[in-house]
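Beneath this line is the structure, given in structure tokens, with notes to follow.
Bear in mind the structure is a predicted one, so any value in this text is a computation, not a measurement. As the structure lists them, so they are numbered: ligands from 1, and atoms in each ligand from 1.
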Amino acid sequence: MADGRGVGVGDLDGDGRLDLVVANNNAPPSIYVNRLPPAGWVRLELLGRRSNRDAVGARVRLTIAGRTMTRWVEAGSGYAAQSAFPLHFGLGAARRLERLEIAWPSGLVEGLEGDALAARLSLGRAWRLEEGSLTPRDRRLAAVPASPAAGGGGH
Ligand SMILES: [Ca+2]
């Protein structure tokens with residue numbers, strides 16, 4: 001039996017299910033690939049401009065089916081491991097995003113809701129969101145699918 005020390009969480013194969021990597025003492029890492037039945041999800045990779053580039057410290061609130069989930073972009077979130085930066089939201093059977101709010105480390109708070117959000121962010125994929133791209137003037141979101149090479153997963 002391995003002597004596990006640290007754990008990192010991320011979607012290693014980009015299938016929308018979070019996987020685990022455990023750092024072991026004096027042994028190769030253990031990799032646990034999630035094979036649970038697939039469910040709804042969306043992943044957000046934040047790109048800071050005025051804030052730090054990895055958006056460490058950003059807070060994202062996503063509302064679906066009347067419930068709000070909060071995620072933080074963290075660095076050094078565990079001992080002897082680092083989880084992936086992209087924020088993963090498991091959505092279960094929900095089919096529509098209702099509201100998105102991003103509070104960047106720079107102090108900028110921006111977001112979208114309702115039809116404007118649903119039209120720009122579809123479920124079941126990863127999206128890269130750049131700081132300042134949620135413009136209050138036209139309420140449009142300049143989102144592009146994240147590439148797997150950038151650690152954002154996707155299809
Ligand atoms: Ca996975």
Side-chain angles (χ1 to χ4, degrees), residues 1-49 51-105 110-113 117-131 133-134 141-155:
M1 181 172 188
D3 181 13
R5 296 299 170 98
V7 62
V9 181
D11 186 0
L12 299 175
D13 53 0
D15 68 353
R17 294 175 284 189
L18 293 176
D19 311 300
L20 300 175
V21 177
V22 176
N24 295 309
N25 190 30
N26 295 321
S30 302
I31 299 174
Y32 298 89
V33 178
N34 188 340
R35 295 292 182 227
L36 291 170
W41 63 280
V42 69
R43 186 172 313 121
L44 304 178
E45 179 182 355
L46 305 186
L47 179 62
R49 288 299 182 199
S51 302
N52 61 83
R53 186 168 178 80
D54 290 326
V56 172
R59 183 199 67 216
V60 177
R61 290 181 172 151
L62 182 66
T63 302
I64 59 163
R67 296 174 49 195
T68 299
M69 296 181 283
T70 303
R71 302 279 187 275
W72 296 83
V73 178
E74 298 176 316
S77 57
Y79 170 73
Q82 170 63 52
S83 294
F85 281 121
L87 302 175
H88 183 92
F89 292 87
L91 306 176
R95 294 276 183 242
R96 181 180 167 87
L97 304 174
E98 296 171 8
R99 185 171 193 280
L100 171 68
E101 177 192 276
I102 303 173
W104 297 89
E110 57 183 343
L112 281 177
E113 59 188 354
L117 175 59
R120 300 299 287 185
L121 289 185
S122 57
L123 305 183
R125 65 185 309 168
W127 297 91
R128 180 176 298 139
L129 302 177
E130 186 174 323
E131 183 176 11
S133 67
L134 308 178
L141 176 60
V144 297
S147 68
H155 296 193

Exercise. Can you tell me the N, O or S atom of Asp11 that's nearest the Ca ion (ligand 1)?
Worked result: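 The Asp11 atom nearest to the Ca ion (ligand 1), restricting to N, O or S, is OD1.
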Exercise. At the Ca ion (ligand 1), what is the angle formed between atom O of Arg17 and atom OD1 of Asp15, rounded to the nearest 10°?
Worked result: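 An angle of 90° at the metal.
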Exercise. Which angle, to 10 degrees, forms at the Ca ion (ligand 1) with OD1 of Asp13 on one side and OD2 of Asp19 on the other?
Worked result: 90°
Exercise. Crowded around Arg96 CZ? As in, over 12 foreign heavy atoms under 6.0 Å?
Worked result: yes
For this session: Show your reasoning for whether salt bridge (Lys or Arg N to Asp or Glu O under 4.0 Å) applies to Arg49 and Glu131.
Result: CA-CA 6 Å; Arg49 288 299 182 199; Glu131 183 176 11; over 6 Å; no
Problem set entry | Residues which pass side chain to side chain contact (heavy atoms under 4.5 Å, CB included) with Val9, listed by chain and number, not counting sequence neighbours |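 Listed in chain order: Leu18, Leu20, Ser83.
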Exercise. How many angstroms lie between CD in Glu98 and CZ in Arg67, if you round to the nearest 0.5 Å?
Worked result: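 One finds 11.0 Å between CD of Glu98 and CZ of Arg67.
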